[in-house]
Each structure stands twice: as C-alpha cells, then as structure tokens.
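What follows is a set of notes on a single structure, which appears directly below.
Please read all numbers here as calculations on a predicted model, not as lab measurements.
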Amino acid sequence: MKKLVFALAALALAATAGAQEARRPFGLGVAIVPLEGAGISPPTIEVYAPIAVAPTLRVEPSLGIVTQDGPAGDLDTRDITLGVGLFYVQRIAAPVDLYMGGRLKLNFAHVDDGVNDDSGTDVILAAAMGAEHYLATHFSLGAEAQLGFHSDSDVSGDDSGLFTTGLAFLRFYF
C-alpha cells in the first residue's frame, strides 16, 4: 500500500512539474511603461503578440497607435506603428525566461497643423534584450532594454540617430 501511495504521489508531482515546464505558444502583451517618450509627448502604446515558433525562437509582431488632437487650427498628429521582433529565448530558471534579438518597426506619421497636411514613414531597428517572470502559466511580467537606430521622416522631425530605451511588459498567454 505504501508503494502505491508513493507511486501516485510521484506521478502527481511529475504532472505538476511538467505543467510548470510548458510555455504557452501564443500570447498578447502590452508595454506598460514605454520610457522613450516620457514627459515629451504621449508615447505610443503598443500591443505585442508573442508567438513561439520553436522552443527557443519567438516571433513578436506589434501594433501601436497614438493620436494627439489639438483645438481647431492647432497641431494634430497621428502615428501608427507596425513592428516585428525575432528573439532567441532561453529559460534561466523555472519561472524566468531570458530573450535576446531584434525589433524592426515602421511608424507611419501624419501631421496636420491646420495649413499643411503632411505624412511620412519612420524606420526603427533595435537590438533588444529582456527577461520575463511567469507569475502563473498564463501570465508574465517582463522588462526589455533596447539599443537602436531610428531614421525619422521630415514629418516627425529630422533627428535620426541612435537611441536607448526600456519597456516593462504585461503578457497573457493562451
């Protein structure tokens, strides 16, 4: 009888450990602290869709929208950002993953100052490294650091160059 109880307990613990090991393949996330625009203008809040295409490879498309409407005749801006990230993912502890890779984003900018109506496309290419802690099987908190290059259109201002930024993420996995 003791052997049967021990065997059932070992089987139950193995099933629990196996459930903790499995990562969900699809998710949705939001950057809750986009630091790049803090205090200057409203930052673009992006929605991310992490997709595990292999145990150590993640593709992460993103979509961001920000609008700033002024009173009649004032400056109105609209930015739509489409992006994709490709990451190597490595588990460093049972609830923690480390990832590194890059992001490519296109920002479609539109500015209307009441007289001129102008549009352009900004390109952003960044190396990124981050970590996420799984609080539960379906939910994680993460942080990411980026070092990149942005090429801005004349609409956004001609300030192309290097940048660094940080993001904090909330992600929900299905």
Flag side-chain contact, heavy atom, 4.5 Å: Pro61 against Ile51: yes
- May I ask you to test the Leu106-Phe108 pair for a side-chain heavy-atom distance under 4.5 Å? yes
Heavy-atom nearest pair, Pro50 first then Leu28, reads CD-N, 4.0 Å
Of Thr121, Asp152, Asp122, the one forming a side chain to side chain donor-acceptor pair (under 3.5 Å) with Asn107 is Asp122
Inset, instruction - Decide if the gap between the ring center of Phe169 and the ring center of Tyr48 is smaller than 6.0 angstrom. - result: yes
Rounding to 0.5 Å, atoms CG (Leu63) and OG1 (Thr81) come to a distance of 8.0 Å
Check whether any side-chain heavy atom of Val89 sits under 4.5 Å from a side-chain heavy atom of Leu57, and report yes or no.
no
Audit row: Leu104, Ile124, side-chain contact (heavy atoms from CB on, under 4.5 Å) steps and yes/no
CA-CA 6 Å; Leu104 172 64; Ile124 301 162; over 6 Å; no
Do Phe26 and Val84 sit in one hydrophobic cluster, given that two such residues count as connected whenever their side-chain heavy atoms are within less than 4.5 Å of each other, even indirectly?
yes
Closest non-hydrogen contact found for Thr137 with Tyr173 is O-CB, 4.4 Å
| query | Got Leu167 and Gln146 here, is their nearest side-chain heavy-atom distance under 4.5 Å? | reply | yes
Going by heavy atoms in the side chains, are Val66 and Ile80 under 4.5 Å from each other?
no
(message) Taking Glu144 first and then Arg103, would you say they form a salt bridge - that is, a charged N and a carboxylate O separated by under 4.0 Å?
(response) yes
All heavy atoms of Phe87 vs all of Gly101, minimum pair found to be CD2-N, 3.5 Å
All heavy atoms of Ser160 vs all of Ser151, minimum pair found to be OG-CA, 3.3 Å
Using side-chain heavy atoms (C-beta onward) and a distance below 4.5 Å, is Arg58 in contact with Tyr99? yes
Using 30° and 60° as the class boundaries, would you call the ring planes of His150 and Phe163 parallel, tilted or perpendicular?
tilted
Closest non-hydrogen atoms of Glu46 and Gly64, given as atom of the first, atom of the second and distance, are CG-CA, 3.6 Å
Practice prompt. Kindly indicate whether the side chain of Arg78, heavy atoms from C-beta on, has any atom under 4.5 Å from the side chain of Val111.
Written response: no
Next on the checklist: Can you confirm whether Arg23 sits close enough to Asp97 that some side-chain heavy atom of one is under 4.5 Å from a side-chain heavy atom of the other?
Outcome noted: yes
